[in-house]
Trainee: 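Just passing along the structure, written as structure tokens.
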Amino acid sequence: MSLGENTILLNDGHKMPLLGLGVYKADAGTEVEQAIQDAVCSGYRLIDTASVYKNEDGVGRGLKALDVPREELFITTKIWNNAQRLGDVEDSFNRSLERLGLDYVDLYLIHWPVPGCFTNTWKTLEKLQSAGKIKSIGVSNFRIHELELLKSVSDIKPAVNQVEFHPLFNQKELLSYCKSEGIAVQAYAPLARGAYLHSQLLLEIGSRYQKTTAQIGLRWLIQQGVSAIPKSTHKDRILENADIFDFSLTEEEMNAINAMDIKQRTAGIPEDMLPYYQD
């Protein structure tokens, strides 16, 4: 069964898989190409990259080698901060598209809300979407006040807000806001860079379902309607991360995992954005 059958309906009418493969820090050579091959053979249909990852060309080669119709795939990439500051949004997008070897991407995100720039960046994304080069447009690392600012200058809401989200960093207020606005939340670093994989609570819950702590953490996300893009280049882990659709956590278990929140970021904040993220 294709994981693409487990989807979330976006506010623009497009469907996005609940689970995808993240390729952050994956080498642009054979490593990322093999990871994509393993993931798609395991049923994955969503691949998430970014210009700053410096592996879009490798992702492109991996996609080209697949024996899967393009319309069955969901490809995401993102615009970096420098391009926003330079007003180089459209050209940056076109370079990403060329490296990926695609005619369009399914989702294009503003990687970080660069102050004084992201509203103009959004206008360009709207234009690229109208031209058919992007199916859905969205944002990443946006907080409520930044989403509100975007709302004040545009009638088009982001389809997706991709943020760090996991049991140790449970952004429930942001999730509640996004749900009320019809914005899908997607979790990057959903395994918290391994920070909760030895949790006694998750080990106990996992033993009830014969699942790993990683699988319990991912199930907790998708059961809330949060899409997840765990990064791995290891075939066994790619397979393991996908094996989360044959069980459900109880309300009591969900609440217990909710209580693990300690506001712990495990992914870095770019140096140029640190002054704006003093949590």
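All values derive from a computational prediction rather than experimental measurement.
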Trainee: Do T49 and N55 get their side chains close enough for a donor-acceptor pair, meaning under 3.5 Å?
Mentor: yes
Trainee: Using a 3.5 Å distance criterion without hydrogens, assess whether the side chain of S96 forms a donor-acceptor pair with backbone atoms of I79.
Mentor: no
Trainee: Are I238 and V68 grouped together when hydrophobic residues (ILVMFWY) are joined by side-chain heavy atoms under 4.5 angstrom apart?
Mentor: yes
Trainee: Is it true that E146 and R143 have a side-chain N and a carboxylate O under 4.0 angstrom from each other?
Mentor: yes
Trainee: What orientation do W80 and H111 show, parallel under 30°, tilted 30 to 60°, or perpendicular over 60°?
Mentor: perpendicular
Trainee: Quick one: do I183 and L9 end up in the same hydrophobic cluster if we chain Ile, Leu, Val, Met, Phe, Trp and Tyr together by side-chain heavy atoms under 4.5 Å apart?
Mentor: no
Trainee: Indicate yes or no: does K78 engage D48 in a salt bridge with an N to O separation below 4.0 Å.
Mentor: yes
Trainee: Could you go step by step and tell me if L149 and T119 meet the side chain to side chain contact (heavy atoms under 4.5 Å, CB included) rule?
Mentor: CA-CA 8 Å; L149 181 55; T119 54; 4.2 Å; yes
Trainee: Kindly say whether the aromatic ring centers of Y188 and F165 come within a distance under 6.0 Å.
Mentor: no
Trainee: Quick check on the hydrophobic clustering: are L86 and M273 connected, directly or via other members, by side-chain heavy-atom contacts under 4.5 Å?
Mentor: no
Trainee: Taking 4.0 angstrom as the limit, do R237 and D38 come out as a salt bridge?
Mentor: no
Trainee: Would you say L203 ends up clustered with L197 if hydrophobic residues are merged whenever their side chains have heavy atoms under 4.5 Å apart, either directly or through other cluster members?
Mentor: no
Trainee: Check whether any side-chain heavy atom of L21 sits under 4.5 Å from a side-chain heavy atom of I229, and report yes or no.
Mentor: no
Trainee: Under a plain distance cut-off of 3.5 Å, with no hydrogens placed, do N170 and K263 share a side-chain donor-acceptor pair?
Mentor: no
Trainee: Count I, L, V, M, F, W, Y as connected when their side-chain heavy atoms are under 4.5 Å apart, and connections chain through other members. Are L18 and F247 then in the same cluster?
Mentor: yes
Trainee: Taking side chain as C-beta onward, heavy atoms only, is L100 less than 4.5 Å from V59?
Mentor: yes
Trainee: Atom CG in N161, atom CD in Q171: separation rounded to 0.5 Å?
Mentor: 8.5 Å
Trainee: Look at the side chain of N11 and the backbone N and O of P158, then say whether any donor-acceptor pair between them is shorter than 3.5 Å.
Mentor: yes
Trainee: Going by salt bridge (Lys or Arg N to Asp or Glu O under 4.0 Å), name the residues that satisfy it together with D88, two or more places apart in sequence or in a different chain.
Mentor: R95
Trainee: Using a 3.5 Å distance criterion without hydrogens, assess whether the side chain of D106 forms a donor-acceptor pair with backbone atoms of I75.
Mentor: yes
Trainee: With salt bridge (Lys or Arg N to Asp or Glu O under 4.0 Å) as the criterion, how do K54 and D27 come out once you've worked through the C-alpha distance, each side chain's angles and the decisive distance to 0.1 Å?
Mentor: CA-CA 8 Å; K54 305 296 183 189; D27 184 84; over 6 Å; no
Trainee: Please name the pair of heavy atoms, one in R61 and one in G29, separated by the smallest distance, quoted to 0.1 Å.
Mentor: NH2-CA, 3.9 Å
Trainee: Does NZ or CZ of K135 lie under 6.0 Å from the centre of the six-membered ring of Y104, at an angle within 45° of the ring axis?
Mentor: yes
Trainee: Report yes or no: does H234 contribute a side-chain atom to a donor-acceptor pair with the main-chain N or O of D236 at less than 3.5 Å?
Mentor: no
Trainee: Can you find a pair of side-chain heavy atoms, one from Q162 and one from N141, that are under 4.5 Å apart?
Mentor: no
Trainee: Report yes if the distance between the aromatic ring centroids of Y277 and W112 is under 6.0 Å, otherwise no.
Mentor: yes
Trainee: In sequence, state the C-alpha distance, the side-chain angles, and the governing distance for Q129 and Y108, and then conclude on side-chain hydrogen bond (donor to acceptor under 3.5 Å, both in side chains).
Mentor: CA-CA 9 Å; Q129 184 183 37; Y108 195 53; over 6 Å; no
Trainee: Does the salt bridge (Lys or Arg N to Asp or Glu O under 4.0 Å) test come out yes or no for K133 and D103, once each step is laid out?
Mentor: CA-CA 7 Å; K133 291 186 172 184; D103 296 324; over 6 Å; no
Trainee: Does either side chain, that of E56 or that of T77, offer a donor lying less than 3.5 Å from an acceptor on the other one?
Mentor: yes
Trainee: Could you check whether Y209 and Q215, counting side-chain N and O atoms only, form a donor-acceptor pair closer than 3.5 Å?
Mentor: no
Trainee: Under the salt bridge (charged side-chain N to carboxylate O under 4.0 Å, His left out) definition, can you give me all pairs with a residue in residues 201-228, not counting sequence neighbours?
Mentor: R208-E253, K211-D243, K211-D246
Trainee: Dump the intermediate steps for side chain to side chain contact (heavy atoms under 4.5 Å, CB included) on I134 and F93, then the final yes or no.
Mentor: CA-CA 10 Å; I134 305 168; F93 168 78; 3.6 Å; yes
Trainee: Is the backbone of F169 close enough, under 3.5 Å, to the side chain of R265 for a donor and an acceptor to pair up by distance?
Mentor: no
